[in-house]
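This one's a predicted model, so the numbers in the text were calculated from it and none came from an experiment. In listed order, ligands and their atoms are each counted from 1.
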Amino acid sequence: MKIAFISDVHANVEALQVVLADIDKQHIDRIHFLGDAVGYGSEPNACVELIAANCDIKLLGNHDYAALGLESTAAFNDVARVSIEWTLKELSARSTTALADFEMEAVDGDFYMTHASPRTPELWEYVLNIDTARDQFEHFDQQVALVGHSHLPAFFCKRSDDTISQRYVSESELDPDSKYIVNVGSVGQPRDHDPRACYVTVDTDTNIIRYHRVEYDISKAIARIESQGLPQILGERLLVGR
Ligand code: ZN
């Protein structure tokens, strides 16, 4: 069975459409979404609709949570706050109802999923390096935890001798005696200096996990952001992937 994991779409419908078309070519059995459908980008309703229609498991991210009015935007930076306030006004009743059905964490076989961290999904912690990953391994029973949130692809491995390593590999075979935390990167706002949309697939027959990068029409996404009067930086950062 092949599963695709996508995250951090951030209302970028151009990137999401291209990623879904790319997934479609690969005979994927299930698509799981790891949170942040909205925020930053200009097409929250279209993105919520596409995610609800195409994804099996659908998780909430911190931006979705704030866009549902479940959390104050006090912890957000200025640009994020402006975009969430815009999103709150823009979201249709239908999108809000669909988003309210998204979950905080989920399990599919050997895979645990949450937006930010297995330890405290509702605190939106960042798992960025070996130090911040170390404690997280005790907080899921499955072999692999898949997360988003930082928009930075990352691959942490804890071996049976308790050593933890971090590396970025485009493809790897999962060792049955190791545990993993995999950040699947971002579809709609990559921050690893590669502007292409990012997602992950796992083949449960071969145990191969793979990152995919897909080009999309960034200029179109920027034009939409500008036409909505959203902060210019939200378009500019898409070009440089950070
Ligand atoms: Zn995000």
For the Zn ion (ligand 1), what is the closest N, O or S atom on Asp36?
OD2
So, of the N/O/S atoms that Asp8 has, which is the nearest one to the Zn ion (ligand 1)?
OD1
Please confirm if an N, O or S atom belonging to His10, backbone or side chain, lies less than 2.8 Å from the Zn ion (ligand 1).
yes
Sidechain-backbone polar pair: His10 side chain, Val38 backbone, donor-acceptor under 3.5 Å:
yes
Which class fits the ring pair His115 and His149: parallel under 30°, tilted 30 to 60°, perpendicular over 60°?
perpendicular
Below 2.8 Å, can you find an N, O or S atom of His63 next to the Zn ion (ligand 1)?
no
Check whether any side-chain N or O of Thr114 sits under 3.5 Å from a backbone N or O of Glu105 as a donor-acceptor pair, and report yes or no.
no
Using modelled atom types and a 3.5 Å cut-off, is there a donor and acceptor pairing between side-chain atoms of Gln143 and backbone atoms of Ser178?
yes
